[in-house]
Amino acid sequence: MAIKEEIAKRRTFGIISHPDAGKTTLTEKLLLFGGAIQTAGAVKSNKIKMHARSDWMEIEKQRGISVATSVMGFNYDGMKINLLDTPGHQDFAEDTYRTLSAVDSVIMVIDCVKGVEIQTEKLMEVCRMRNTPVLCFINKLDREGRDPYDLLDEIEAKLDIKVRPLSWPISMGKTFKGVYSLFSKSLHLFVPSKSKIESDGLNIDDINDPRIDKEVGVNDAAQLREDVELIEGVYPEFNVQDYLDGKVAPVFFGSAVNNFGVKELLDSFIKLAPPPKARETEERVITPDESKFSGFVFKIHANMDPNHRNRIAFIRICSGKFERGKTYHHVRADKKIRFSNVTAFMAQEKELVDEAWPGDIVGLYDTGNLKIGDTLSEGEKGIYKGIPSFSPEIFKEVVNKDAMKTKQLEKGLSQLMEEGVAQLFTYELGSRKVVGTVGALQFEVIQHRLKHEYGASCDFMSMNLYKACWISSKDRKKLNEFVASKQRHIAKDKDGKLVFMAESRSWLTMVQDNFPEIEFHFTSEF
Ligand code: G4P
C-alpha cells in the first residue's frame with residue numbers, strides 16, 4: 001500500500017517557455033510557496049546570454065548553477081513536487097528534450113505581450129510526441145498585453161493544441177484588477193507586490209454575485225460576466241481526461257513577478273496534473289506501482305572539479321522503491337551495479353537519501369559506467385524508450401591539433417558525448433569524426449572542456465551537412481546494398497547505429513525516392 005500512496009502524492013513536471021517569458025520567476029515563486037526558499041532572488045537563472053558567448057567563467061558558472069537547480073523538490077499541501085529545470089538557451093535544446101522525457105507534465109509560460117514564440121513552439125512539439133499534459137500560464141498581466149482571446153487563438157493555431165481557460169483576467173496592464181478562477185470559482189484581486197505571499201481569494205460561486213461589482217467596479221464586473229458567458233458558450237466544458245491525454249491545455253492568467261495567480265496555478269496544478277504513470281520499455285509497459293525498482297538516466301553532469309572524473313547521473317525512478325546501497329542491474333552493460341552515494345534534490349540542496357519512489361529524481365555518483373538513456377532495474381531486461389537523439393543542425397569535423405594527445409581527445413570526446421553535450425558521428429570510411437549540435441555554443445564548450453579537463457586540443461572544421469538520418473529497412477539485404485552504394489555518406493552514432501549524412505534537403509529527397517525500401521528517421525528512436 002505504501003508505494004501507491006507515495007505515487008499518488010508525487011507530481012514531477014517541468015516548466016517550458018521561450019527565454020524571458022518568466023520561467024525563472026515562476027520557478028522562484030513556486031519554491032516560495034513550497035517553503036523551499038525563503039527569499040525572492042534565490043533562484044539563479046540558468047540563462048546563458050548571447051553576450052556571454054566567450055566568457056568561460058560564465059559557462060562554468062552556469063554549469064554550477066545548472067547542477068544546483070536541475071531538480072528542485074518541495075512539499076506542498078501534502079504533495080511531493082519535483083520540478084525539473086530546463087535550460088532556456090536554445091543551443092541546449094537537446095538537453096531540454098531529454099529532461100522532458102523524465103517529467104509527467106509541463107507548465108508552459110507565455111508572455112502576454114509577445115504571445116507564442118519560436119522556442120515554445122519547438123518545445124511543444126516535443127510534448128506532443130509524448131502526449132505530455134500541458135498546463136498553460138499566461139504571464140505578465142501587469143503589462144499591456146495582447147487581447148486574451150487572440151492569445152488563446154494563437155496558442156491553438158501555433159501550438160496545435162486545444163485550450164480551455166480556467167481563469168480569466170479582469171482588464172490588463174495599468175488597469176489590471178485580477179482574475180476570476182472558473183476552476184475554483186473564486187475572485188483574486190491584484191495587488192502589485194514582489195514579496196507578498198498570495199492569499200486564497202474570495203469564494204464566489206455565482207458570477208452575478210454583487211461582491212464582484214464592489215471589488216472591481218461595475219464596468220469591469222459587467223465585462224467579466226460577458227467574458228465568462230462567452231467562454232462557457234464557446235469552449236467545451238473542461239474535461240480532465242482530455243488534458244491528461246495531451247489534447248487540451250487548461251489556461252491560467254497571472255503575473256509571476258508580482259506573485260499573482262501563482263498560488264491559484266499551483267493549487268489547480270496539484271489537483272489536475274498526473275502522478276507518475278506507466279512507461280514503456282523495449283519489452284513491455286511497466287506500471288509505477290510494480291514492486292521492483294526501475295528507472296532511467298536522462299541527464300549526466302560532469303564534476304566541476306577536473307581532477308575528479310566522477311559525474312552525477314540523474315535517474316528518473318519509474319517503478320518500485322529505489323534503495324541506496326542495493327545492487328541493481330545495468331541493462332545496457334548487462335552487469336550488476338551498486339550506488340552508495342545517492343542524492344535527492346530537496347529545495348536547492350542536495351541531500352543524501354536512502355530511498356526514493358516513482359516520480360522522484362535521484363543523483364548517482366558514477367565513475368563512467370552510465371550514459372544518457374541507460375536503464376537500471378531489479379532484473380528487468382528492457383531499456384526505457386523515449387530518450388531519442390534528434391538530428392543535429394550544425395555539423396563540424398574534429399581535427400586533432402596535438403597528435404601526442406590523441407588518446408585524451410578520444411576519451412574526452414567520448415565522455416562529453418555520454419554527458420549529452422553533443423552527438424558524435426564516425427564515418428565508416430576513413431573514421432572521420434563529426435560532432436553535431438543544435439547550437440553553435442556547444443563547439444566552444446567542447447573545445448574549452450577538452451582543453452581544461454582532458455588536456456586535448458582540437459579544431460572544428462565546418463561541414464556542409466543538412467541532416468543526420470538514422471536508417472533502417474525491413475529488408476536487411478537492401479540496407480546492406482544501400483550502405484555499400486552510399487558508403488562515403490554513412491556514419492555510425494555513439495551506439496553504433498547506422499546514419500546517413502545528408503548534404504542537402506533536395507539530395508535527401510532524391511535519395512529517399514531512389515531507395516523506397518530504406519526508412520530515413522530524424523530521431524534515433526523509431
Ligand atoms: P525566463 O526564465 O523565462 O527567461 O524569464 P525570467 O523569469 O528571467 O523573466 C524575464 C524578465 O521578465 C525578468 O525581467 C522578470 O523580472 C520579468 N517578469 C517575470 N514575470 C513578470 C511579470 O509578471 N510581469 C512583468 N512585468 N515582468 C515579469 P528582467 O528585467 O530581465 O530581469 P530582472 O532584472 O527583473 O530580474
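Indexing begins at 1, ligand by ligand and atom by atom, following the structure's order. Note that the structure is a prediction, hence the values are computed from the model and not measured. Both backbone and side-chain heavy atoms feed into the values below; hydrogens, waters and symmetry mates do not. Starting from 1, each residue takes its place in the sequence as its number.
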message: Looking only at side-chain N and O atoms, does Asp245 offer a donor or acceptor that is under 3.5 Å from a partner on Asn131?
response: no

So OG of Ser391 and CH2 of Trp470: to nearest 0.5 Å the spacing works out to 6.0 Å

Going by the 4.0 angstrom heavy-atom rule, the piece of Leu141 near ligand 1 is neither

Neighbour count >12 (heavy atoms, 6.0 Å) for atom NZ, Lys451: no

Restricting to heavy atoms, the pick from Lys140, Gln119, Arg143 nearest atom 28 (C) of ligand 1 would be Lys140

* N/O of Gly22 under 3.5 Å from N/O of ligand 1, yes or no? -> yes

A side-chain contact here means heavy atoms from C-beta on lying under 4.5 Å apart; do Ser105 and Pro274 qualify?
yes

Counting from 1 in the order shown, the ligand 1 atoms closer than 4.0 Å to a non-hydrogen atom of Lys23 are 1 (P), 2 (O), 3 (O), 5 (O), 7 (O)

Any heavy atom of Thr24 under 4.0 Å from ligand 1? The part involved is both

Return a yes/no value for Pro19: is any of its N or O atoms, backbone included, closer than 3.5 angstrom to an N or O of ligand 1? no

Review point. Is a side-chain donor or acceptor of Gln423 paired with a backbone partner of Asp493 at a separation under 3.5 angstrom?
Key: no

**Request:** For Asn139 and ligand 1, answer yes if some heavy atom of the residue is under 4.0 Å from a ligand atom, otherwise no.
**Result:** yes

task = Look at Arg316 together with Asp104 and state whether they make a salt bridge at an N to O cut-off of under 4.0 Å.
result = yes

If we number the atoms of ligand 1 from 1 as shown, the ones under 4.0 Å from a heavy atom of Ser255 are 22 (C), 23 (O), 24 (N)

Quick look: Ser17 vs ligand 1, heavy-atom contacts under 4.0 Å, and the answer is side chain

Closest to atom 1 (P) of ligand 1 by heavy-atom distance, out of Thr25, Asp20, Val113, is Asp20

Margin query: I want to check a possible cation-pi pair here: Lys396 against Phe443, using under 6.0 Å from ring centre and within 45° of the ring axis as the test.
Written below: yes

